[in-house]
Amino acid sequence: MHFAKHRWYRGTFRPKDSFLESLGFFLSTNIIMEETMAYNHKDIEQKWQQFWSDNETFKTVEDADKPKYYALDMFPYPSGQGLHVGHPEGYTATDIMSRMKRMQGYKVLHPMGWDAFGLPAEQYAMKTGNNPRDFTAKNIQNFKRQIQSLGFSYDWSREVNTTDPAYYKWTQWIFEQLYKKGLAYEKETLVNWAPDLMGGTVVANEEVVDGKTERGGFPVYRKPMKQWILKITAYADRLIDDLDLVDWPDSIKEMQKNWIGRSVGASVFFNVEDSEKQIEVFTTRPDTLFGATYLVISPEHDLVDQITTPESKAAVEEYKKAVATKSDLERTDLNKDKTGVFTGAYAVNPVNGKKIPVWISDYVLASYGTGAVMAVPAHDGRDYEFAKKFKIDMVPVYEGGNLEDGVLDSEGGLINSGFLDGMDKQTAIDTMISWLEEHGVGHKKVNYRLRDWVFSRQRYWGEPIPVIHWEDGETTLIPEDELPLRLPAATDIRPSGTGESPLANLDDWVNVVDENGRKGRRETNTMPQWAGSSWYFLRYVDPKNDQKIADEDLLKEWLPVDLYVGGAEHAVLHLLYARFWHKVLYDLGVVPTKEPFQKLVNQGMILGSNHEKMSKSKGNVVNPDDIVERFGADTLRLYEMFMGPLTESVAWSEDGLNGSRKWIDRVWRLMIDDENQLRDHIVTENDGSLDMIYNQTVKKVTDDYENMRFNTAISQMMVFVNEAYKADKLPAVYMEGLVKMLAPIIPHVAEELWSLLGHEGGISYAEWPTYDESKLVEATVQVILQVNGKVRSKITVDKDIAKEELEKLALADAKIQQWTADKTVRKVIVIPNKIVNIVVG
RNA sequence: GCCGCUGUGGCGGAAUUGGCAGACGCGCUGGACUCAAAAUCCAGUUCCUUCACGGGAGUGUGGGUUCGACCCCCACCGGCGGCACCA
């Protein structure tokens with residue numbers, strides 16, 4: 001243990017001293033601490049949090065004349081672990097923006113809530129025999145206490161909770177709209193079946209990591225199962241194109257584009273010889289069709305059984321079996337060596353009538369495109385490897401290169417391609433697509449990597465899907481006026497064992513009979529956690545409305561969200577799903593904007609002091625409760641904003657934290673004496689000595705906050721405080737300005753100083769400071785004198801003097817003369833008010 | 001492998017438009033205060049060289065453009081994130 005490095009608070013102990021010395025040390029320290037501890041964070045923070053609560057200071061203002069600002073945090077999953085120091089980073093950022101905007105005259109919507117459905121609560125409940133509802137309620141209570149202890153300016157009257165029936169009524173309502181629009185359908189699909197996760201559950205592709213469940217690390221198998229699917233692919237184009245409308249980091253836009261994976265190409269139909277069957281392939285390179293010397297279809301493809309010749313049957317069956325038992329991991333990462341089997345069938349290349357063999361291979365994915373490709377081994381690396389291994393013909397269709405050396409590129413003109421010969425790539429693509437369309441053997445096609453969204457979860461702790469399956473085969477929605485379909489209050493949640501959710505065990509709930517005596521069974525699947533979080537930002541606008549998702553006028557008033565801050569782990573899925581739902585609701589006329597989140601910011605991660613991700617197992621987790629107790633919420637807020645740019649990951653440092661506390665003390669001492677009185681060097685007159693630095697500070701801090709560069713804003717205020725310490729007199733208006741600028745970051749201390757400066761009613765709606773442009777201009781400027789690009793001297797001259805005069809002064813400078821004396825001046829570059837560079841040789 | 005971001009003192013970071021690299025903070029060193037220590041206040045702190053004045057080098061590496069490059073261009077190396085046989 002390094003005691004010197006862990007001076008927690010004003011050095012409370014010194015282990016190397018003898019006992020007697022330590023005793024004396026403690027006694028004197030305590031006396032002094034009592035004298036100088038004018039700023040007591042516990043008292044002040046408690047006092048002002050009470051004040052804000054009593055006065056409903058942060059209740060959202062409804063005022064048609066004020067501009068609006070909607071600052072949103074990604075609402076947390078209230079885990080049993082409690083708050084992590086990473087949470088307050090983003091929360092502080094939106095809080096600073098909210099508090100500044102209020103002071104600038106905006107009406108601000110700044111809410112918080114709970115994404116409270118989810119797997120851990122269900123797992124915990126199963127393990128302990130408790131109800132996830134009680135467990136979740138307890139966790140929310142703890143999260144709320146922790147968040148409130150940090151002094152965020154949330155309007156708690158708008159708190160939402162995804163597990164509240166009054167909330168999920170509308171989640172179910174949205175599902176019903178999706179169903180009515182044909183965007184929700186049931187399908188028997190190959191799903192990721194994890195038999196060991198909670199007695200058997202299905203997880204989405206994105207929740208599978210390395211062939212195992214993301215949570216728990218259980219093995220995953222592929223199994224056909226009837227699932228609810230949402231047709232997100234119908235919105236693929238708009239989800240890409242509308243990214244142009246929002247102010248998001250380029251990296252996130254790029255990730256979403258890649259995830260959707262739009263590629264433009266052509267569908268081409270190949271007739272299977274001696275058969276009525278056709279194989280449709282998708283290709284982005286129709287220009288290379290003359291070079292297609294075989295087809296490959298995925299082993300799972302429907303046509304495999306139909307076209308395989310009797311002689312090949314055994315080999316094909318064996319290959320299919322081998323592939324089916326391989327995990328996705330083995331099919332991709334582990335096996336770079338191409339495998340495959342000839343089906344015995346031949347297809348006809350529509351463009352030249354050539355007979356080409358049809359193979360199956362696992363390098364063709366069933367889930368992408370049509371599950372079949374035309375192989376052009378001369379110009380595609382994968383096809384090249386495959387053809388080389390199985391000794392299949394290669395026909396180059398672009399001039400140049402040697403096939404012995406490997407796959408060829410597609411520069412230059414086409415060859416061996418009939419009517420395409422001599423064309424360049426793009427012309428050939430366009431010409432070929434026209435040809436295919438004219439001859440009815442293909443057409444232009446856009447393909448996506450994005451899959452439809454598997455929306456069912458075999459869980460208890462989620463929104464019930466409001467659907468009944470009747471004995472006659474009909475499927476109906478629960479009528480809207482009967483929503484919400486409540487999650488039954490089960491006391492004993494157990495896996496059904498069949499792969500269905502634990503709801504299947506609850507006979508009273510599952511079995512229904514209609515007025516005609518027709519029997520039915522409720523859908524036992526529940527919704528994924530993504531459901532509730534895909535629209536919660538709409539509910540904050542009108543959280544108590546029991547007639548609608550939210551009032552249209554209020555939605556028009558507040559949307560879109562002006563600032564959305566959260567972790568980059570939600571870069572793709574949450575943000576894509578929320579955008580998808582938003583667009584569906586836009587099409588229904590429910591919401592007024594195409595996009596939900598105008599500006600998005602991803603905060604970086606706060607790493608442990610060893611520069612590694614914080615985790616229990618590494619023992620580097622910092623608990624915010626502990627920091628609030630020892631240093632106060634203001635110190636935590638200040639430190640997290642000062643440690644580096646919001647968007648970057650930075651390592652936690654106890655020393656840095658301590659420094660932040662010391663600076664708050666320093667600001668405090670600048671204005672307040674040991675008797676807790678305003679210091680008498682704070683005066684009403686202004687001797688002008690702080691004019692320049694004050695006005696610079698207001699300008700920079702305002703601008704930096706607006707652009708969320710909190711670290712540099714803080715450093716500018718530090719510079720101002722350093723200057724203020726050197727001044728004899730401190731104009732009261734400047735001190736008030738400083739306190740106002742500090743208020744968004746360290747609100748409790750700012751409130752206390754504001755009241756000590758003689759103001760009543762709190763600082764939250766005090767007017768944001770302004771600066772005087774005329775005080776920013778200096779009469780003289782320092783000009784850098786360089787010789788051959790190296791700084792050799794500096795002169796101070798009147799601002800805006802003529803170029804010629806500046807050049808003359810520069811050349812006359814004594815130090816410059818030393819450097820230029822015996823040399824020829826070849827050139828002089830003069831940048832007024834900045835620099836003179838003399839080139840000699 | 002592909003796509004994106006990133007690399008600056010002992011440490012976190014700053015330099016917003018191509019114009020003094022290292023603001024601000026931490027740490028460290030020294031001074032004031034104190035019997036003493038802590039705290040506080042003040043000063044110094046990129047590296048090499050020099051008693052000093054000064055000089056030289058320097059923003060991952062190598063090249064280039066420019067009077068002038070952390071900044072723009074080319075190639076490479078390391079770190080982080082995403083995707084991964086996507087036809």
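The shown structure was predicted, so the numbers you read here are calculated from the model rather than taken from an experiment. Reminder, nothing fancy here: chain letters follow the sequence lines and each chain counts from 1.
- The distance between atom CG of A:D250 and atom C1' of B:rU6, rounded to the nearest whole Å, is 15 Å.
- Residue A:S653 is out of contact with every strand shown, counting any heavy-atom pair closer than 4.0 Å.
- Across the P atoms, B:rC85 and B:rC5 are found 23 Å apart, a figure rounded to whole Å.
- Using C1' as the reference atom, B:rA15 and B:rU29 are 27 Å apart when rounded to the nearest Å.
- Picking from B:rG4, B:rG19, B:rC85 the nucleotide with the shortest atom distance to the side chain of A:K338 gives B:rC85.
- Looking at A:I252 and A:L600, their side chains come closer than 4.5 Å, going by heavy atoms from C-beta outward.
- Rounded to whole Å, the P atom of B:rC24 lies 22 Å from the corresponding atom of B:rU59.
- Atom NZ of A:K388 sits in a crowded spot, with more than 12 heavy atoms from other residues, nucleotides or ligands closer than 6.0 Å.
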Item checked: Contact letters for nucleotides 10-18 of chain B, in which S counts primed atoms plus P, OP1 and OP2 and B counts the base, heavy atoms under 4.0 Å -> --BSS-B--
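- Atoms CG (A:D674) and P (B:rU40) sit 13 Å apart, rounded to a whole Å.
- Within 4.0 Å of A:Q782, counting heavy atoms only, lies at least one base atom of the nucleic acid.
- Rounded to whole Å, the P atom of B:rG10 lies 23 Å from the corresponding atom of B:rU6.
- Taking the ring axis of A:W248 as reference, the NZ or CZ atom of A:R579 stays within 45° of it and closer than 6.0 Å to the ring centre.
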Notebook entry, point to check: When every nucleotide of nucleotides 77-82 of chain B is labelled 5' to 3' by its protein contacts under 4.0 Å (heavy atoms), B for base, S for sugar-phosphate only, - for none, what sequence of letters results?
Noted result: ----SS
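- Not one side-chain nitrogen or oxygen of A:S361 sits closer than 4.0 Å to the OP1 or OP2 atom of B:rC85.
- For residues 282-296 of chain A, the salt bridge (charged side-chain N to carboxylate O under 4.0 Å, His left out) pairs, not counting sequence neighbours, are A:R285-A:D287.
- B:rG56 sits 35 Å from B:rC42 when the P atoms are compared, rounded to a whole Å.
- Atom C1' of nucleotide B:rU40 and atom CD1 of A:I664 are separated by 17 Å, given to the nearest angstrom.
- More than 12 heavy atoms of other residues, nucleotides or ligands lie within 6.0 Å of NZ in A:K257, so this atom counts as buried by the packing criterion.
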Can you tabulate the close N/O pairs, meaning under 3.5 Å, that link protein atoms to atoms of nucleotides 42-49 of chain B?
from: B:rC42; atom 1: OP2; to: A:R666; atom 2: NH1; distance (Å): 3.4

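- Going from atom OH of A:Y368 over to atom C1' of B:rA87 covers 7 Å, rounded to whole Å.
- In this structure, A:K338 is not positioned above the aromatic face of A:F386 in the sense of NZ or CZ being under 6.0 Å from the six-membered ring centre and within 45° of the axis.
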Notebook entry, point to check: Which string of ( ) [ ] | and . matches RNA chain B, if you list each base 5' to 3' and count Watson-Crick or G-U pairs only when both distances are under 3.5 Å?
Noted result: (((((((..(((......[....)))((((((.......))))))((((....))))..(((((..]....))))))))))))....
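- Rounded to an integer number of Å, the gap from A:R449 CZ to B:rC86 P is 11 Å.
- Here A:R792 does not pair with A:D813 in a salt bridge; the nearest charged N to carboxylate O distance is not below 4.0 Å.
- Salt-bridge annotation for A:D244 and A:K253: absent, with no side-chain N of the basic residue lying under 4.0 Å from a carboxylate O of the acidic one.
- Residue A:G369 is classed as having no contact, given no heavy-atom separation below 4.0 Å to the nucleic acid.
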Pairs under 3.5 angstrom only: tabulate donor-acceptor contacts from the side chains of residues 642-652 of chain A to other protein residues two or more places apart or in another chain.
from: A:S649; atom 1: OG; to: A:M605; atom 2: N; distance (Å): 2.9

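- With distances taken from any side-chain atom of A:M718 to the nucleotides B:rG25, B:rA87, B:rG19, the minimum falls on B:rG25.
- In this structure, of B:rC24, B:rG27, B:rC67, it is B:rC67 that holds the atom nearest to the side chain of A:N837.
- Both A:Y448 and A:G789 sit near RNA chain B, but only A:G789 has its closest nucleotide nearer the 5' end.
- Rounded to an integer number of Å, the gap from CZ of A:F710 to C1' of B:rG25 is 18 Å.
- Put simply, CG on A:N833 is 14 Å from P on B:rC20, counting in whole angstrom units.
- A:Y725 does not carry A:R669 over the face of its six-membered ring by the limits of under 6.0 Å from the centre and within 45° of the normal.
- For B:rC67, the OP1/OP2 oxygens have a side-chain nitrogen or oxygen of A:K827 closer than 4.0 Å.
- Comparing B:rU61 with B:rC11, their C1' atoms are spaced 24 Å from each other, to the whole Å.
- Atom P of B:rU40 sits at a distance of 13 Å from the matching atom of B:rG25, rounded to the whole Å.
- Taking 90° from 0 as the syn/anti boundary, the base of B:rG22 is oriented anti.
- Counting non-hydrogen atoms of neighbouring residues, nucleotides and ligands closer than 6.0 angstrom, the NZ atom of A:K389 exceeds 12 such neighbours.
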Check: protein-nucleotides 52-56 of chain B nitrogen or oxygen pairs below 3.5 Å:
from: B:rG56; atom 1: OP1; to: A:R792; atom 2: NH2; distance (Å): 3.4
from: B:rG56; atom 1: OP2; to: A:R792; atom 2: NH1; distance (Å): 3.1

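- Residues passing the ring pair (Phe, Tyr, Trp, His ring centres under 6.0 Å) test with A:Y771, sequence neighbours excluded: none.
- Nearest-nucleotide positions on RNA chain B for A:N788 and A:W663 put A:W663 closer to the 5' end.
- Rounded to an integer number of Å, the gap from OH of A:Y384 to C1' of B:rG1 is 18 Å.
- Among the heavy atoms of the strands, none lies under 4.0 Å from A:T370.
- Considering only residues two or more places apart in sequence or on other chains, A:D247 meets the side-chain hydrogen bond (donor to acceptor under 3.5 Å, both in side chains) condition with none of them.
- Judged as a ring pair (Phe, Tyr, Trp, His ring centres under 6.0 Å), and not counting sequence neighbours, A:H301 has no contacts.
- Shown here for A:N788 and A:N837, the closest heavy-atom pair between the two residues is N-OD1, 3.6 Å.
- For A:Y368, there are no ring pair (Phe, Tyr, Trp, His ring centres under 6.0 Å) partners, not counting sequence neighbours.
- Listed for the A:R637 side chain is a donor-acceptor partner under 3.5 Å among the backbone atoms of A:I745.
- Summarising the geometry of A:K699 relative to A:L776, their closest heavy-atom pair is CD-CD1, 3.6 Å, with the distance given to 0.1 Å.
- Under the salt bridge (charged side-chain N to carboxylate O under 4.0 Å, His left out) criterion, no residue pair touches residues 830-839 of chain A, with sequence neighbours excluded.
- B:rG22 and B:rG7 have their C1' atoms separated by 16 Å, with the value rounded to a whole Å.
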